[in-house]
Amino acid sequence: MPPVFAHGRLRLYLLGLLDEAPRHGYEVIRLLEERFQGLYAPSAGTVYPRLAKLEAEGLVTYATEGGRKVYSITEAGRAELADRRGELADLELEIRESVSELAAEIRADVRGAAGDLRREMRAAASATATPVEDASWTAAKEELRKAKHEWKEQARRAKDESRRAREEAQQARRQAKEAQERAREEVQRIAAQFQEQFAKSGGMLGSLAGAWLGGGSAGAGSGSSAAGAANATSAAASAAAGSDWAEDLAPTADPARDLDRLLDRFRDDVRDAARDHGVSPAQLAEARTHLAAAAARVTGTLRA
């Protein structure tokens, strides 16, 4: 029998179940058994180690209720799930197909057993001198009838489930693609507004980045002209690089989450510059001014 879950797919499906609602380990096992119509149930030795690994990766967390761990998905887990929403839809289809394969194996086993039973019945009929059916013969025919009915019913259910799964997977892929397109358009719109405000600010954010990354004493007032020129050059370079800043952060289906990631990147860049080059009181005062101006422009853009 082929594996029910390919490598890494059970991990993704567990995130999907915990995204629906917090659950404890036994409940996760029971839900998986229901999704497979009782044809497959993972063992505790399969589920609990994966939950522990997800918790170690920061994708899920747990709280103890009644002596049991109740697992919940974290924001990081939801972010990964959003990035792999289309893959999750494909996985739902694979589960339906796995159910069909398991049902087919059961049908084959039943068919083989029925064939063996028919051969035994023919042998018994040829060995007896009278055609009169006794109680054991009648019982054997009834068992055969029930077995044939059972595998036919399982085949019908598996076929219906497979068809419904294909339709749901196609719909989920369409919805995921539409959501991704809407998110990309929203991010592009916000980026365009941000760049427009940046241009109107006269390079305010570029000056801030130059003050941190250049390490010069921007607040020295009438300091040396060489230091001022260096800071101006750094600010200009930062402004020129603004168009491809953080381009490695691919947009998701959630613009608000994308904005949080951009703010985190901005904070990390400024913090790294401060750690590498130090911060003087004068630089801190000027940075506060730049941050206030940048915050006013960004919040103004988002409220527009």
Side-chain angles (χ1 to χ4, degrees), residues 1-63 68-103 105 158 161-184 187 248-258 260-261 264:
M1 182 182 73
V4 177
F5 287 100
H7 178 69
R9 291 300 185 89
L10 178 57
R11 174 181 183 275
L12 175 62
Y13 201 70
L14 291 177
L15 284 177
L17 290 178
L18 295 180
D19 187 46
E20 296 174 0
R23 310 181 192 278
H24 53 76
Y26 174 76
E27 186 178 5
V28 170
I29 294 174
R30 182 179 56 79
L31 282 173
L32 283 169
E33 185 175 5
E34 290 179 358
R35 300 288 169 90
F36 281 90
Q37 301 180 11
L39 298 177
Y40 165 75
S43 64
T46 298
V47 171
Y48 282 100
R50 283 172 172 79
L51 289 173
K53 191 171 186 297
L54 290 173
E55 192 271 332
E57 294 174 358
L59 301 181
V60 303
T61 185
Y62 70 85
R68 293 187 299 187
K69 292 182 177 179
V70 178
Y71 292 88
S72 304
I73 192 169
T74 63
E75 290 302 318
R78 288 192 177 92
E80 177 170 334
L81 199 59
D83 290 339
R84 304 175 66 185
R85 186 65 64 181
E87 186 178 351
L88 182 60
D90 292 338
L91 178 56
E92 291 286 355
L93 178 58
E94 291 178 9
I95 288 177
R96 303 297 186 185
E97 293 175 349
S98 295
V99 171
S100 299
E101 292 178 5
L102 291 172
E105 291 186 5
E161 289 292 334
S162 178
R163 183 180 64 256
R164 184 162 54 252
R166 284 194 297 270
E167 294 172 354
E168 292 175 354
Q170 291 173 356
Q171 182 179 3
R173 281 195 292 269
R174 286 195 299 269
Q175 292 175 348
K177 184 177 180 180
E178 292 172 358
Q180 186 175 9
E181 290 297 329
R182 288 195 300 270
R184 183 179 294 109
V187 170
D248 58 309
L249 298 179
T252 67
D254 187 350
R257 188 183 303 279
D258 292 335
D260 286 340
R261 295 167 67 195
D264 289 341

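Side-chain atoms are counted along with the backbone in the values below, which use heavy atoms only and exclude waters and symmetry mates.
- Side-chain atoms of T74 never come within 3.5 Å of backbone atoms of T61 as a donor-acceptor pair (strictly under, hydrogens ignored).
- At least one side-chain heavy atom of E75 sits less than 4.5 Å from a side-chain heavy atom of R257.
- A salt bridge links E161 with R164: the closest approach of a Lys/Arg side-chain nitrogen to an acidic carboxylate oxygen falls below 4.0 angstrom.
- The closest donor-acceptor contact from the side chain of Y48 to the backbone of Y26 lies under 3.5 Å.
- In this structure, CD1 on I73 lies 11.5 Å from CZ on R23, to the nearest 0.5 angstrom.
- With sequence neighbours excluded, the residues satisfying salt bridge (charged side-chain N to carboxylate O under 4.0 Å, His left out) with E34 are R30.
- Considering only heavy atoms from C-beta on, Q170 comes within 4.5 Å of R174 through its side chain.
- Contact between P251 and D258 at its shortest, heavy atoms only, is CA-OD2, 3.6 Å.
- G58 and A76 get closest at one heavy-atom pair: O-CB, 3.8 Å.
- Using a 4.5 Å cut-off on side-chain heavy atoms (C-beta onward), L17 and L32 make contact.
- Across P49 and A44, no two heavy atoms sit closer than the pair CD-O, 3.6 Å.
- Applying the salt bridge (Lys or Arg N to Asp or Glu O under 4.0 Å) definition to pairs two or more places apart or across chains, those involving residues 38-55 are K53-E57.
- Among L59, L51, V60, D19, the single residue meeting the side chain to side chain contact (heavy atoms under 4.5 Å, CB included) criterion with L14 is L51.
- To the nearest 0.5 Å, atom CZ of residue R11 and atom CD of residue E80 are 4.5 Å apart.
- With sequence neighbours excluded, no residue satisfies side chain to side chain donor-acceptor pair (under 3.5 Å) with R182.
- Counting only heavy atoms from C-beta outward, the side chains of R261 and T252 approach each other to under 4.5 Å.
- Of the possible polar contacts, none joining the R68 side chain to the G25 backbone as a donor-acceptor pair under 3.5 Å is found.
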